[in-house]
Amino acid sequence: MGYENIIAETTEGGAGLIRLNRPKALNALNGALMKELADALRAFEADDSTGCMVLTGSPKAFAAGADISEMAGLEYPGVYVDDFLSGWEALSACRKPVIAAVSGFALGGGCELAMMCDIIIAARTAKFGQPEIRLGIIPGAGGTQRLARAIGKARAMDMILTGRMMDAGEALQAGLVSRVVEEDALLDEALKAARTIAGFGRAAVLAAKEAVNAGMDMPLSAGLRFERRLFHALFATRDQKEGMAAFLEKRKADFSGG
Ligand code: DAK
């Protein structure tokens, strides 16, 4: 695929891989990169052979935030009227799961991008932060909302108001990331998880992601009802028949996606 700021490839086992590729600028997220990222995600969403995506950066940086050189000269009427950076929703709109494999800096929009993913796996070198306050702004791609939900109000306030960074160990302990691995094992670990997910029944995977995310926005009683509806609906799939038959026959399930 002809991208200039990212590298997108289909890997074995149904895992789509997207690498942010502006390493000299620590993968600063400019408009061109974000457009390519949205295009690549949409292509993987539309590709039946892809069941899960991995989003990663380079060793020194997952992404050090939105591109400050692109933002510095902007004025209010322009950013408001043009809805500056509105294209960032492509990642959170994905129905297939996306795993962030984070090495090095994940700052500002980089941290927000990781938090839009469904699972964050971090290398020991990972550093997370929302340093926007140092630039005279606040997080604008969900940082004040997703970070507070992920690690709680007290820790999120600490991060957002002081602009300090959190290392991988603290991020694991706080619940921002689900695993911490050695840097040289990061991509393998993320792709392995992606292949595991891609090997399950597609409808069950989409429903699981949808149920967890919907529940974050609902009272518990509504979330439980929503979950029950999706649970019942999965009995209309061939993959439910196959999964349960395979268990009873003591063999590996062969999910067809139907
Ligand atoms: N933008 C542009 N260039 C960046 C950059 C960034 N965010 N981060 C790093 N770079 C560039 C540096 O300018 C430098 O370029 P050259 O000077 O070599 O040309 C190169 O990357 C290497 O960086 P350093 O020389 O600074 O490297 P160090 O190891 O010394 O320091 C650092 C690494 C990550 C601590 C430092 O680079 C840094 O503090 N970077 C800025 C981090 C930051 O403030 N990030 C937040 C940006 S604001 C929204 C969507 C998104 C956003 C908002 C709204 N909507 C949907 C509405 C997001 C906003 C942000 O992310």
Side-chain angles (χ1 to χ4, degrees), residues 4-6 18-42 55-94 98 100-117 120 122-151 155-168 170-171 176-177 183 186 213 217:
E4 286 177 12
N5 301 283
I6 64 169
I18 301 175
R19 296 171 199 260
L20 306 176
N21 192 32
R22 298 186 71 210
K24 286 193 186 124
L26 304 185
N27 291 329
L29 305 163
N30 62 14
L33 184 153
M34 291 308 294
K35 161 96 177 50
E36 290 181 5
L37 177 59
D39 290 347
L41 288 167
R42 282 190 205 106
L55 178 62
T56 196
S58 28
K60 191 172 172 195
F62 176 73
D67 193 319
I68 299 169
S69 60
E70 211 175 56
M71 280 188 291
L74 299 179
E75 302 284 349
Y76 174 72
V79 292
Y80 179 67
V81 171
D82 298 341
D83 203 3
F84 175 59
L85 298 175
S86 59
W88 279 54
E89 280 93 33
L91 180 51
S92 48
C94 281
V98 186
V102 176
S103 170
F105 298 112
L107 302 179
C111 185
E112 292 169 309
L113 205 60
M115 290 192 291
M116 287 175 199
C117 296
I120 305 178
R124 283 195 200 287
T125 57
K127 283 191 165 38
F128 297 87
Q130 298 287 165
E132 288 89 342
I133 201 87
R134 294 166 187 252
L135 300 171
I137 55 172
I138 66 168
T144 62
Q145 306 303 301
R146 289 199 178 92
L147 191 63
R149 282 167 173 75
I151 67 177
R155 283 179 159 122
M157 284 288 193
D158 180 3
M159 302 291 297
I160 290 165
L161 292 176
T162 68
R164 80 175 176 87
M165 292 185 213
M166 192 181 249
D167 67 20
E170 188 180 357
L176 180 60
V177 310
E183 190 184 331
L186 178 67
N213 282 336
D217 271 344

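Basis for what follows: all heavy atoms, side chains included, without hydrogens, waters or symmetry-related copies. The shown structure was predicted, so the numbers you read here are calculated from the model rather than taken from an experiment. Read the numbers this way: they start at 1 and go in the same order the structure lists the ligands and their atoms.
Formation of a donor-acceptor pair under 3.5 Å by the D67 side chain with backbone atoms of A28 is not found in this model. With E112 contributing its side chain and G143 its backbone, the two residues share a donor-acceptor pair below 3.5 Å. Without hydrogens or angle criteria, R22 side chain to N5 main chain gives no donor-acceptor distance under 3.5 Å. A donor-acceptor pair under 3.5 Å links the side-chain atoms of E36 to the main chain of E4, judged by distance alone.
A distance limit of 4.0 angstrom between heavy atoms and ligand 1 selects the residues K24, A25, L26, A28, K60, A64, G65, A66, D67, I68, M71, F84, L85, W88, F105, L107, G108, G109, E112, P131, E132, L135, G140, A141.
Partner of E170 under the salt bridge (Lys or Arg N to Asp or Glu O under 4.0 Å) criterion, chosen from K127, R164, R124: R164.
Qualifying side-chain hydrogen bond (donor to acceptor under 3.5 Å, both in side chains) partners for K60, counting only residues two or more places apart in sequence or in other chains: none.
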